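Per chain, numbering begins at 1; letters A, B, ... match sequence-line order. Quick caveat, the model's predicted, so the values are computed rather than measured.
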2 protein chains.
Amino acid sequence: MLRTHTCGEGRLTQVGQEVTLCGWVQRIRDKGGMIWIDLRDRYGITQLIFEEGSTDASVTETARSLGREYVVAATGTIVERVAKNPNLPTGDIEVKVTKLEVLNPAKLPPFLIEDETDGGDDIRMKYRYLDLRRGIVRKNLELRHQVARRARQYLDDLNFIEVETPVLIKSTPEGARDFVVPSRMNPGEFYALPQSPQTFKQLLMVSGFDRYYQIVKCFRDEDLRADRQPEFTQIDCEMSFVTQEDVLNTFEGLVRHLFRTVKNIELPETLVRMPYSEAMRRFGSDKPDIRFGMEFVELKGEDADLTSGKNFVVFDSAELVVGIAAPGCAEYTRKQVDELTEWVKRPQVGAKGLVYARVNADGSVKSSVDKFYTEEELKGWAEKFGAKPGDLILILAGAADKTRKQLNELRLELGNRLGLRNPDVYSVHWVVDFPLLEWSEEENRYFAMHHPFTSPKPEDMDLIATDPGKVRANAYDMVINGVEVGGGSVRIFQKDIQSRMFDLLGFTPEEAQHQFGFLLNAFEFGAPPHAGIAFGFDRLCSLFGGADTIRDFIAFPKNNAGRDIMIDSPSTIAQKQLDELKIKTAL
Amino acid sequence: MLRTHTCGEGRLTQVGQEVTLCGWVQRIRDKGGMIWIDLRDRYGITQLIFEEGSTDASVTETARSLGREYVVAATGTIVERVAKNPNLPTGDIEVKVTKLEVLNPAKLPPFLIEDETDGGDDIRMKYRYLDLRRGIVRKNLELRHQVARRARQYLDDLNFIEVETPVLIKSTPEGARDFVVPSRMNPGEFYALPQSPQTFKQLLMVSGFDRYYQIVKCFRDEDLRADRQPEFTQIDCEMSFVTQEDVLNTFEGLVRHLFRTVKNIELPETLVRMPYSEAMRRFGSDKPDIRFGMEFVELKGEDADLTSGKNFVVFDSAELVVGIAAPGCAEYTRKQVDELTEWVKRPQVGAKGLVYARVNADGSVKSSVDKFYTEEELKGWAEKFGAKPGDLILILAGAADKTRKQLNELRLELGNRLGLRNPDVYSVHWVVDFPLLEWSEEENRYFAMHHPFTSPKPEDMDLIATDPGKVRANAYDMVINGVEVGGGSVRIFQKDIQSRMFDLLGFTPEEAQHQFGFLLNAFEFGAPPHAGIAFGFDRLCSLFGGADTIRDFIAFPKNNAGRDIMIDSPSTIAQKQLDELKIKTAL
């Protein structure tokens with residue numbers, strides 16, 4: 001090695017030792033005949049010292065020629081520092097340099113290579129290799145490696161076997177848009193990149209692999225909303241001869257292991273398992289953030305009606321009148337409440353308006369709909385909310401599903417504003433019993449809510465013929481802090497039920513056979529009951545890192561236009577390549 | 001879980017215990033009122049027993065209804081077997097079944113699910129999920145998982161960090177043909193799938209990651225020769241601040257660790273490091289199989305001429321006359337020798353003819369060129385070969401490079417025929433000092449022998465200007481049993497040398513900047529000296545498994561036409577997909 005030690009190792013016990021360090025020049029100070037250089041590598045920072053008179057003049061001269069981010073090899077003796085730096089593990093020592101070699105000079109970087117940098121997003125993406133030098137970015141990728149290691153450790157110990165499934169597969173019509181790859185050897189035909197290894201892992205169960213996992217790249221050609229990437233990584237898992245309960249327990253175990261070993265956090269012994277319908281009713285979301293309260297209270301709904309018949313048409317005509325009580329917000333000014341009203345009326349939320357009721361310190365209730373409801377009636381509302389003096393009740397009304405989604409947005413926004421969503425506090429739970437199907441008005445047909453391979457609940461099987469929209473699935477999501485980090489289901493493993501499912505989704509038998517014939521056939525040769533789950537690995541890492549965006553946890557991410565601006569990709573290709581592939585662009 | 005135990009667990013100590021097993025029916029025997037069923041899962045085989053009279057009639061009836069590969073759950077009591085089976089870990093016990101549930105019936109599989117199957121390649125590929133049920137195929141994938149685990153263990157312990165590099169990257173003109181992916185969001189532009197993460201791992205070194213690895217899928221759109229796959233897996237590694245010697249030592253360590261932990265084999269303390277020129281001279285191959293001798297002996301070459309001036313025009317006009325002595329083959333009949341001659345004349349080898357000389361038991365030498373050379377001269381040849389009585393000397397002549405390659409083919413063929421290439425004997429060594437460049441007659445320019453990022457040897461740097469073909473590279477291959485399992489190099493890390501290299505390869509400065517600008521730029525911002533290696537993971541696994549073909553070690557391989565015949569991919573895609581991508585097929 002060109003070095004004897006790293007820049008993170010120097011300690012007082014090594015004083016007197018001769019070492020050679022290699023690294024990058026982080027900082028140079030030159031004062032009163034002394035030069036100090038902070039030398040940085042992946043492992044830490046060590047201070048080099050040069051002293052006019054005692055250090056060889058040519059060495060001092062070389063030191064003076066250095067700039068930020070020069071790569072050097074420095075040989076010298078470890079000495080005790082006079083002014084120790086308690087913030088650095090190596091802060092007790094410095095290296096008195098006797099030999100200094102410039103391994104590679106460096107141009108001045110376009111932004112500061114410090115945790116607090118002056119570089120904007122675009123410049124840092126263009127020079128991602130420099131951005132990755134910053135300690136906080138490097139730590140994200142180290143964390144990612146750590147999470148992967150710990151996940152593998154847990155799964156290996158439980159006899160899961162990692163199997164690599166193919167990347168060049170077949171395009172399927174269900175789900176998101178596929179990336180496709182023209183085949184040169186089979187002109188006119190295309191591979192597709194997998195959105196998940198779903199069918200392959202099911203085939204591995206048919207093969208008797210029993211317990212499979214894979215940390216695997218997946219691909220979706222979707223318009224990139226904030227924090228989506230065209231390529232992303234999953235921890236993909238599948239088990240045979242299990243019930244839903246077994247899967248939940250096994251993967252609670254995985255997440256518990258990760259929290260314990262990566263974050264030193266003990267999760268509660270049992271995690272909440274909340275039915276989808278309850279999550280929607282209480283939080284208006286299938287991935288509720290249950291770190292804080294402000295649960296939904298229905299003034300008018302299936303079980304109550306405290307609002308009708310008072311000539312307030314908005315409520316009278318609404319299917320659902322539902323609200324939350326924001327603690328300590330009764331003191332919001334009129335302007336603040338107006339701003340909240342504008343906030344819920346933005347197209348992203350889409351509410352028509354916002355009704356409020358303040359619960360004053362004296363217990364009186366003041367509302368924006370005073371002229372329709374008496375003080376007594378308003379107090380009845382406050383009671384229904386369990387609201388305390390100081391609370392601000394915020395109410396939306398309209399069609400049930402839509403209104404719940406809008407109120408969910410408002411609840412999360414207030415959670416943020418009130419500081420109730422601390423990224424260092426973790427709440428982990430399951431949402432279960434998802435509907436099997438979703439109706440698409442646009443295409444006038446059902447879609448699988450999870451995917452077409454998800455098993456209906458046996459007790460709901462009869463509903464398939466009579467009321468498919470009511471059928472619940474043996475499907476489950478793991479939610480951490482309001483983010484869906486994993487999802488899965490018990491799978492269909494009988495050919496007749498799978499065929500029926502394809503039928504429900506509007507496939508003709510021929511289409512089903514053409515697209516998924518290999519799976520339907522496989523089910524005839526002895527398919528075991530099986531179930532599985534996939535975790536969004538990028539997202540899991542960002543949660544462990546306490547960050548909002550997955551981009552910081554991906555070494556070379558793409559921007560919102562799907563571009564890697566560092567390597568300038570995608571790009572045009574040579575006509576020869578197009579010719580060989582027998583394709584043309586049609587712009 | 002639907003089971004309490006696996007089919008591999010039952011032991012005498014458990015007699016009397018009630019268990020539930022799940023698995024596949026491997027075999028049924030029904031004789032004299034008794035039914036025995038071998039129940040199989042990933043972990044083993046357990047015998048179930050049903051006895052008319054003592055077993056409930058309905059259970060016996062269900063047992064009789066089963067066929068091969070039915071999936072069942074069987075509950076019963078572990079009892080001691082009368083006729084024990086010492087070949088099975090569970091052979092001391094059987095399960096007296098009290099409850100039997102058919103979880104899924106099975107059609108008769110199209111081939112036997114046994115280690116020795118009656119299924120041909122094509123049918124087994126079409127029903128790969130059934131082929132994977134066979135014990136020997138499953139064990140290959142278990143071995144693969146084991147090799148990956150052990151590799152990660154070694155690298156993690158040495159502070160290597162696994163970083164995922166992107167799959168959607170940019171097409172580059174050097175190297176093999178790229179698979180490309182049309183970009184919908186950037187019409188007319190394409191991503192490419194990586195042939196290796198080469199430039200990204202180098203950028204990670206520029207970022208200071210210091211030690212990187214990744215077990216990663218790579219892609220090459222090449223015409224598939226035997227045992228090539230369009231997607232394959234590498235153990236990809238890179239280190240900073242190292243010399244070639246450090247890299248060789250580190251990855252000798254990796255391979256030593258794998259042999260020790262996976263195969264229980266201790267490799268020799270030092271592995272041979274053979275210069276490329278020596279490998280070519282002694283074995284005619286840059287990946288010689290040195291498990292056996294039969295080294296090349298030159299009768300006419302740089303250091304000797306034992307053949308010229310005797311009117312044998314073939315030898316007189318040849319640049320090189322070179323041969324091998326095949327031990328014990330002097331007894332080959334004329335027919336056998338003729339067959340060998342035909343073998344070397346096949347287009348795959350391409351020799352013009354084969355000269356032989358038998359060394360008889362009495363020490364006399366008999367040759368096919370007796371009329372040109374005296375007995376004394378022929379004895380001189382035998383002496384040069386160190387040939388013993390019973391050896392058959394086989395000689396080729398012609399242009400040096402071509403003739404060596406032909407003789408390499410012959411040597412390997414004879415090694416096979418003589419049983420000298422035992423897959424259970426391992427020989428591991430390095431080939432080093434590869435030429436930097438290869439001349440392409442076809443394109444009338446140099447190509448990088450390894451890749452354009454490989455560093456010339458510093459001592460050969462001056463030759464770049466005067467005789468580029470003579471420049472040696474700091475490049476190395478690891479060879480196991482005549483197979484190249486890994487290769488790498490010390491990299492160029494200075495912009496001016498990298499630019500000069502692109503220039504040598506015929507790139508204009510503009511082309512170099514267009515294709516590799518990001519790397520050239522990165523080298524200006526403080527790139528450390530670095531070097532790396534990549535191992536062919538599929539190949540490594542097949543060597544560990546003692547098999548010839550990588551296909552057996554890939555869960556879902558493609559055939560020689562690049563097709564996955566199980567899922568029928570590649571396939572045509574919908575017109576809507578083509579329209580969205582703004583491409584057309586041009587057949």
Side-chain angles (χ1 to χ4, degrees), chain A residues 1-3 22 24 42 69 71 104 106-107 129 132-133 145 161-163 166-171 179 181 183-191 203 206-208 210 217 221 231 241-242 246 518 522 524-528 555-556 561-562 566-567 569-573 582-587, chain B residues 1-3 22 24 42 69 71 104 106-107 129 132-133 145 161-163 166-171 179 181 183-191 203 206-208 210 217 221 231 241-242 246 518 522 524-528 555-556 561-562 566-567 569-573 582-587:
Chain A
M1 305 277 294
L2 304 186
R3 66 189 171 208
C22 292
W24 286 259
R42 169 180 152 198
E69 302 302 319
V71 186
N104 216 347
K107 289 204 305 196
Y129 49 86
L132 288 171
R133 274 189 200 162
H145 178 50
I161 168 171
E162 186 163 26
V163 179
V167 175
L168 296 172
I169 64 164
K170 184 176 174 171
S171 189
F179 282 106
V181 181
S183 166
R184 184 181 51 86
M185 294 176 81
N186 305 274
E189 300 190 326
F190 293 77
Y191 302 100
L203 290 177
V206 175
S207 298
D210 201 273
K217 274 277 173 74
D221 185 13
E231 52 180 296
F241 303 120
V242 289
D246 300 318
F518 59 97
E524 293 194 296
F525 287 104
F556 299 101
M566 179 186 73
I567 63 169
S569 159
S571 61
T572 53
I573 58 175
K582 298 213 177 7
I583 58 170
K584 279 185 200 168
T585 55
L587 301 179
Chain B
M1 305 278 294
L2 304 186
R3 67 189 171 208
C22 291
W24 285 260
R42 170 181 151 197
E69 302 302 320
V71 185
N104 215 348
K107 289 204 304 195
Y129 48 88
L132 287 172
R133 274 190 201 160
H145 178 49
I161 169 171
E162 185 163 28
V163 179
V167 176
L168 297 171
I169 64 164
K170 184 177 175 170
S171 189
F179 282 106
V181 181
S183 166
R184 183 182 52 85
M185 294 175 81
N186 305 275
E189 298 190 327
F190 294 77
Y191 302 100
L203 290 176
V206 175
S207 297
D210 200 88
K217 274 277 174 74
D221 185 13
E231 52 179 297
F241 302 120
V242 288
D246 300 318
F518 58 98
E524 293 194 297
F525 287 104
F556 300 100
M566 179 186 73
I567 63 170
S569 158
S571 62
T572 55
I573 57 175
K582 298 215 177 6
I583 58 169
K584 279 186 201 168
T585 55
L587 301 179

Enquirer: Report the relative orientation of the aromatic rings in B/F241 and A/W24; use parallel for angles under 30°, tilted for 30 to 60°, perpendicular for over 60°.
Expert: perpendicular

Enquirer: Side chain to side chain contact (heavy atoms under 4.5 Å, CB included) between A/F190 and B/V181: does it pass, once the steps are laid out?
Expert: CA-CA 10 Å; A/F190 293 77; B/V181 181; over 6 Å; no

Enquirer: Which one wins on heavy-atom pair count under 4.5 Å against chain A: B/M1, B/M566, B/K107, B/R184?
Expert: B/R184

Enquirer: In terms of heavy-atom pairs under 4.5 Å with chain B, which of A/E231, A/E69, A/E162 leads?
Expert: A/E231

Enquirer: Using atom types as modelled and distance alone, determine if a side-chain donor or acceptor of B/K584 lies under 3.5 Å from a backbone N or O of A/K584.
Expert: no

Enquirer: Under a 4.5 Å heavy-atom cutoff, which of A/S569, A/P528, A/G208, A/S571 has the most pairs with chain B?
Expert: A/S571

Enquirer: Using the side chain to side chain contact (heavy atoms under 4.5 Å, CB included) rule, take A/L2 and B/V242 through it: C-alpha gap first, then chi angles, then the decisive distance, then the call.
Expert: CA-CA 6 Å; A/L2 304 186; B/V242 288; 5.9 Å; no

Enquirer: Which heavy atom of A/P570 sits nearest a heavy atom of B/N186, and at what distance?
Expert: CG-ND2, 3.6 Å

Enquirer: Select, from A/N104, A/T572, A/V71, A/V206, the one with the greatest count of heavy-atom pairs under 4.5 Å involving chain B.
Expert: A/N104

Enquirer: Tell me, for B/K217 versus chain A, whether the close heavy atoms (under 4.5 Å) come from the side chain, the backbone, both or neither.
Expert: side chain

Enquirer: Measure the shortest side-chain to side-chain distance between A/L168 and B/F179 over non-hydrogen atoms and say whether it is less than 4.5 angstrom.
Expert: yes

Enquirer: Under a 3.5 Å distance rule, please check whether A/T585 uses its side chain to pair with a backbone N or O of B/G188 as donor and acceptor.
Expert: no

Enquirer: Of the listed residues (B/A555, B/S183, B/P187, B/A561), which shares the most heavy-atom pairs with chain A below a 4.5 Å separation?
Expert: B/A561

Enquirer: Applying salt bridge (charged side-chain N to carboxylate O under 4.0 Å, His left out) to B/R3 and A/D246, what does each step give before you reach the verdict?
Expert: CA-CA 11 Å; B/R3 67 189 171 208; A/D246 300 318; over 6 Å; no

Enquirer: For chain B, which of A/L203, A/L132, A/I169, A/I161 has the most heavy-atom pairs under 4.5 Å?
Expert: A/I161

Enquirer: Working to the nearest 0.5 angstrom, can you tell me the gap between B/I583 CD1 and A/I583 CD1?
Expert: 4.5 Å

